[in-house]
Amino acid sequence: MSRHDKIKDLYREKQTFGARTLVAALACLAMAALLLFRLFNLQVLQQDYYATRADQNRMRLSAVAPVRGLIYDRNGAVLAQNTPAFVLEIVPEQITGKLDDTLKRLSKLVHLDDTEIARFKDRVRKSPRYRGVPLRTNLSLEEVARFEVNRYDFDGVDVTAGLTRSYPLAGTAAHVVGYVGGITEDEYKGVAEASYRGLSQIGKVGIEKSHENELRGEPGAKVIEANAYGRPLRELDYQQGTPGRNLVLSLDAKVQLVAETALGDYNGAVIAIDPRNGEVIAMVSKPGFNPHLFGEGIDAKTYKALLADPARPLYNRALQGTYPPGSTIKPFMALAGLEYDVVDAHHHEFCGGQMSLPNSSRKYRCWRRSGHGSLDMAGAVARSCDIYFYNVAINLGIDRIHSFLDQFGLGRSTEIDLPLEKGGLLPSREWKQRVRKEGWYPGETLNVGIGQGYMSVTPMQLAQITARMAMRGGGFRPHLVRGIQDPITLETREIAPEPLDPILNKHKADWETVVYAMQQVTQTQGGTGFSVFKDAPYTVAGKSGSAQVAGLKQDEKVAPTQESLPLHLRDHALFIAFAPADNPQIAVGLIAEHGGHGASVAGPVARQIMDQYLLGEIRYRPPGSAAGTPTPAVAAPPLPPGSAPSNPDGEEEDDIVPPAPAAPASGANPTVQ
């Protein structure tokens with residue numbers, strides 16, 4: 001036996017081996033138990049949680065944008081519609097790396113110009129990071145194919161087939177219909193988030209804004225199975241959203257086009273209303289704009305250019321422009337005079353071309369410096385005599401003028417179903433004391449009597465008070481939405497007209513007296529609108545007006561002709577009218593900025609609108625225009641040096657044949673109030 005065999009202890013070695021085997025077995029059992037527990041935990045205890053996580057990796061839930069409702073005119077012409085388009089969209093929160101790097105790589109697959117990138121970054125700043133922001137709309141099929149091949153390399157980027165808003169008539173009625181644009185973060189705060197899932201646009205102005213809830217619809221949802229790279233494999237579930245409701249407007253697209261064309265090169269506004277129910281037939285604000293610029297996302301440079309444009313194309317003159325009503329207020333002053341027994345239909349005033357208030361040297365002139373002679377009410381309205389209405393105004397006093405005209409709604413908005421309407425100004429003693437901290441002066445009453453001074457109206461108000469005159473004190477709140485249509489059943493719910501409180505005069509015959517006077521404007525030789533309406537196959541009650549822009553010096557005996565003045569100093573041209581006079585179907589109020597003459601510039605616009613609406617065709621052509629499409633009225637050029645003016649007295653109006661001068665009627669001296 002060797003020395004090593006003597007020291008070998010087999011018993012201890014067996015014990016050591018057994019102990020190690022036991023420890024290893026116990027360790028294996030423990031690990032097996034831990035593995036089994038983990039498997040039990042994953043597959044039994046937390047099965048629902050991990051199954052959901054697995055489904056989330058495999059399935060994706062996304063919102064389905066609803067189809068926005070269409071907008072039609074009264075005859076079914078489409079004013080706003082949806083067109084199919086592929087949209088490249090990015091969710092900023094989901095992209096990997098820097099946004100600029102993603103955009104740089106995308107630009108190699110689809111065309112991206114600096115304008116689109118700048119517009120996109122501006123939208124990203126204004127939108128929550130978890131919402132998709134459109135980068136490009138209307139992608140071509142080739143661009144879509146290139147992106148799809150490389151989709152795996154762009155987390156948070158997707159191409160969706162959707163609809164974009166388009167406006168078939170482009171700039172026509174743009175201020176009325178409005179446009180849609182990207183939803184800003186501030187706008188998200190003011191809406192129900194669930195109602196805008198999957199949507200990236202919202203109505204910004206016009207009908208698109210005021211009737212957003214009807215047009216928008218409710219979003220749906222879809223479940224898509226995707227692979228590990230996020231590529232969609234199949235659609236597992238789909239819930240259709242509720243489409244928005246269609247709107248039928250009272251607007252007549254043909255009349256709208258005629259009105260815009262007839263206004264020609266003048267900036268201004270035109271409103272046509274059906275006085276029988278308050279439906280707005282036409283609403284023009286010139287200049288206009290192209291709403292497609294906003295639907296696709298306007299870039300900062302273009303938007304700043306629109307804002308900086310001195311013509312203010314984004315400004316809705318029909319609802320927000322405020323102007324002196326000028327002589328168009330005279331029929332309402334005549335009605336007030338009759339109501340308060342200040343004058344009667346046969347009362348005469350002598351117009352010598354100017355007048356002064358007692359104890360005052362200031363001269364208040366008539367637009368016809370040579371005077372009109374002796375005129376009764378009908379003659380004063382027909383010839384637009386300022387002296388006659390100076391006397392009516394000072395005998396009424398500002399308190400009664402304010403009280404009477406307030407019934408027509410002057411000084412406050414008409415509450416038409418469009419946003420951002422202004423209310424104009426109907427001055428009073430209280431207003432002047434509150435705003436200017438001054439008392440009221442008699443000379444200011446004279447200015448109000450001819451629609452000048454502090455008084456201002458919007459074109460919408462001008463048309464509305466004309467409609468109320470047409471209805472002899474009745475009337476309805478003006479509105480544009482005629483009906484709301486279900487897009488599936490096509491059933492249309494008509495919007496009931498909202499009657500206004502009637503204007504009650506002591507003598508109903510006073511309405512007919514003033515309407516008769518307004519008819520003399522268009523139907524008798526010497527009326528300011530006679531040359532425009534003399535051959536109309538329907539009776540028209542109207543009133544022309546010119547709102548003064550620049551004042552004249554007291555020692556200026558002969559007023560300068562409008563054609564001799566710079567364009568920005570010429571008077572605004574206004575016209576109001578309704579027809580047929582005995583059965584009114586349309587009332588018009590319009591203004592041509594710096595048009596100079598109400599009858600010769602604004603009158604033809606009103607005539608062509610009425611022709612189109614009442615007859616279905618335009619029968620009146622302004623002198624010098626060709627037959628066919630309406631010819632826009634164009635501002636007269638300045639007279640050559642040394643040539644004689646066409647209106648030597650500097651008339652505000654046209655077609656005046658003054659009566660022979662007569663002695664002042666007794667009792668014509670006014671009482672100052």
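Nothing here was measured: the structure is a model prediction, and the numbers come from that model. Atoms considered below: every heavy atom in the structure, side chains included; atoms not considered: hydrogens, waters and symmetry mates.
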Considering residues at least two apart in sequence or located in another chain, which fulfil the ring-ring contact (aromatic ring centres under 6.0 Å, His included) criterion with F575?
->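 Per chain and number, F575 pairs via ring-ring contact (aromatic ring centres under 6.0 Å, His included) with F533.
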
May I ask you to establish whether R317 and Y315 are in a cation-pi arrangement, using a distance under 6.0 Å from NZ or CZ to the six-membered ring centre and at most 45° from the ring axis?
-> no

State whether Y340 and R400 meet the cation-pi test: NZ (Lys) or CZ (Arg) under 6.0 Å from the six-membered ring centroid, and within 45° of the perpendicular axis.
->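 That pair qualifies as a cation-pi contact.
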
Ionic contact status for E512 with R472, cut-off 4.0 Å |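 Yes.
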
Trace of the side chain to side chain contact (heavy atoms under 4.5 Å, CB included) decision for Q464 with L500 = CA-CA 11 Å; Q464 174 68 347; L500 300 172; 3.2 Å; yes

With a 3.5 Å cut-off and no angle check, do the side chains of D611 and Y538 form a donor-acceptor pair?
->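 Looking only at side-chain atoms, Y538 and D611 do form a donor-acceptor pair, the distance falling under 3.5 Å.
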
Roughly how far, to the nearest 0.5 Å, is CG of L338 from CG of D344?
->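 Going from the CG atom of D344 to the CG atom of L338 covers 7.5 Å.
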
To the nearest 0.5 Å, how far apart are CD1 in I503 and CE in M469?
-> 8.5 Å

What pairs with [X] under side chain to side chain contact (heavy atoms under 4.5 Å, CB included), at least two apart in sequence or on another chain?
{"X": "A378", "answer": "D376, Y516, A517, Q520"}
{"X": "I495", "answer": "V481, I484, R493"}
{"X": "A470", "answer": "P275, F578, P584"}
{"X": "N75", "answer": "D73, D252"}

Heavy-atom closest contact ([X] atom, [Y] atom, distance):
{"X": "A259", "Y": "I609", "result": "CB-CD1, 3.7 Å"}
{"X": "I387", "Y": "G353", "result": "CD1-C, 4.3 Å"}
{"X": "Q585", "Y": "Y613", "result": "O-CE2, 3.7 Å"}
{"X": "M283", "Y": "L480", "result": "CE-CD1, 4.2 Å"}
{"X": "D417", "Y": "I207", "result": "O-CD1, 4.0 Å"}
{"X": "R365", "Y": "R369", "result": "CD-NE, 3.4 Å"}

Is there a side-chain contact between R74 and E279 (heavy atoms, below 4.5 Å)?
-> yes

Can you list the steps and then say if Q256 with E260 is a side-chain hydrogen bond (donor to acceptor under 3.5 Å, both in side chains)?
-> CA-CA 6 Å; Q256 180 82 12; E260 291 190 9; 3.3 Å; yes

Side chain to side chain contact (heavy atoms under 4.5 Å, CB included) between R383 and Y388, worked out = CA-CA 10 Å; R383 292 164 174 79; Y388 185 97; over 6 Å; no

Would you give me the side-chain donor-acceptor pairs under 3.5 Å for residues 453-460, sequence neighbours excluded?
from, atom 1, to, atom 2, distance (Å)
Y454, OH, E444, OE2, 3.1
S456, OG, L425, N, 3.2
T458, OG1, Q461, N, 3.1

